[in-house]
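Atoms within a ligand are numbered from 1 in the order they appear, just like the ligands themselves.
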Amino acid sequence: MAEQFDVCVVGAGPAGYVCAIRAAQLGFKVCLVEKRGALGGTCLNVGCIPSKAMLESSHHYLEAQEGLAKHGVEVGQVKLDLGVMLARKDSVVKQLTGGIGMLMKKNKVTVKNAWGTLKGNGVVALDDGSQLSATHIVVAAGSVPVELPFAKFDHEVVIDSTDALGLEKVPERMVVIGAGVIGLEMGSVWKRLGSEVTVVDVATRPVAIMDEDLSREAQKLFEKQGLKFLLEAKVKKIRNSELGIGNSGAVVEVELPNGFSKELEGDKVLVAVGRKPATKGMGLEEIGVALDERGFIKVDAHYATNVPGVYAIGDCAPGPMLAHKGEEEGVALAEVLAGQAGHVNYAAIPWVVYTHPEIAGVGMTEAEARAKVGDYKVGKFKFVANGRALAADASEGFVKVIARKDNDELLGVHMIGHNVSEMVAEAVAVMEFKGSAEDLARIVHAHPTMTEAVKEAALAVDGRAIHS
Ligand code: NAI
């Protein structure tokens, strides 16, 4: 007889495992089904966490080479031990994924290390031959990298983001297709470690969905670091290298806006052209769960699909593919199932690109404010006028605040600079409370801190920044 649960969550990424914990806290009998050997999904195993470990380590490597001397710190010859760097990354991942396992035990969530297939009527079949049944089934299956139709991943030369986290040798030349979040983060890692990196994108600027000012500044700063960009360039073909870098190179053929073509050679080609919802092979089509035109599972405001008792959250449901968006949906859904008022404010979801400098934002870009609101005002403040930034040798970048003209409500806050991933939180908090630029400007900020630039940018909205 099938084991019975109140809630069965399929997929143990940030959306799924958080939903399982919250549901258990609320008194449900919960099962979490996950095929991967470790819990935590893409984010903990092959995404957010290992990439941040590599970004941090490669930044230290570069700092030792180029950054310390101006502080009067002399180092001898700096040497890279990539094996140690990769092992450190793996141990961070192991510690965190192990921690999720402990959380499951603590919250009495039953974990099934198996592939789950939805069979309808609350039944989930596991690939170990067993079945379980649940009143509520939560699909939190995540997403997978998009493949170029003409160049499938061979995971040797044409690689995805997972492969790019574990290269055992620094490639001499790397071509990155896609100047999005993954392209910039992983391109930065390998550039710092010694690769010659060229980033190709069809768009006119990197991470084209972010505020244009940030995009332009980011490109300028990354070019200064030695990353090469080839924009408005359409990749037509990837073929084996005839010249050969070893036997493993590839040639990327791109078409430029003027109609000319160009060939780029790399011993690794990282394809980072987006991710798509993972919805295949788990019975969704068979039981009639509807997908939208982009392949996301269609849900209502309470994450319910068209099939009663089946819900979807995280990357496989509509919205930005961000771990924290999935986590919040996991909490909200568990609370809705318990009869509470679970809710996610999609207007105040921050995003971050963990390059150096970092890029972060929340709310509308200036283009969105122009299109949706019309009358808006903008305040900007550069880190070069911030004392802490200068002391920390972190004077690149700026903060940009956008507010409504009529009532001063904050519409968006965007920033590029050292550690802005942490600084964006205060903007999110003020926006969550529907605050104004004036509210942000009136908050007392410790001196000297880089957060003073946020206050100054908020003051600049009405032309009264103090230090510019
Ligand atoms: P992305 O959507 O950020 O960027 C993809 C880029 O590829 C776009 O700039 C697009 O113009 C370009 N592109 C698409 N097709 C192309 C083609 N045929 N030739 C050349 N360029 C092409 O996707 P990415 O970087 O793969 O990331 C996937 C998802 O993972 C994103 O939704 C992102 O939010 C998430 N992610 C978030 C991170 C973070 O929050 N720090 C880190 C890594 C990923």
Testing the 3.5 Å rule here: is there a donor-acceptor pair between the side chains of E328 and Y346? no
Sub-3.5 Å N/O-N/O distance, E185 and ligand 1: yes
Contact between G274 and ligand 1, counting heavy atoms under 4.0 Å? yes
Going by heavy-atom distance to [atom], choose the closest among [options].
| atom | options | result |
| --- | --- | --- |
| atom 10 (C) of ligand 1 | L230, D201, T355 | D201 |
| atom 20 (C) of ligand 1 | T204, V271, V202 | V202 |
| atom 4 (O) of ligand 1 | G47, A203, G180 | G180 |
| atom 42 (C) of ligand 1 | V252, L231, V181, V146 | V181 |

Nearest non-hydrogen protein atom, [atom]:
| atom | value |
| --- | --- |
| atom 19 (N) of ligand 1 | I177 CG2, 3.8 Å |
| atom 39 (C) of ligand 1 | V352 O, 3.4 Å |
| atom 16 (C) of ligand 1 | V273 CG1, 3.5 Å |
| atom 43 (C) of ligand 1 | I182 CG1, 3.3 Å |

Identify, by atom number and element, the atoms of ligand 1 in contact range of [X], meaning under 4.0 Å from any of its heavy atoms.
| X | value |
| --- | --- |
| L148 | 18 (N) |
| M321 | 32 (O), 34 (O), 35 (C) |
| R275 | 28 (C), 29 (C), 30 (O) |
| Y354 | 41 (N) |

Take E196 and K228 through the side chain to side chain contact (heavy atoms under 4.5 Å, CB included) test and state the conclusion after the steps. CA-CA 8 Å; E196 189 185 297; K228 292 187 184 133; 3.4 Å; yes
According to side-chain contact (heavy atoms from CB on, under 4.5 Å), who are the partners of K236, at least two apart in sequence or on a separate chain? E255
Relative to ligand 1, is K234 under 4.0 angstrom through side chain, backbone, both or neither, heavy atoms considered? neither
State, yes or no, whether a side-chain contact exists between V138 and Y303 at a heavy-atom distance under 4.5 Å. no
Please examine the side chains of Q225 and L227, heavy atoms only from C-beta on, and report whether any two atoms are closer than 4.5 Å. no
When you look at [atom1] of [X], are more than 12 heavy atoms from neighbouring residues, nucleotides or ligands closer to it than 6.0 Å?
| X | atom1 | answer |
| --- | --- | --- |
| K382 | NZ | no |
| F433 | CZ | no |
| K298 | NZ | no |
| R388 | CZ | no |
| E147 | CD | yes |

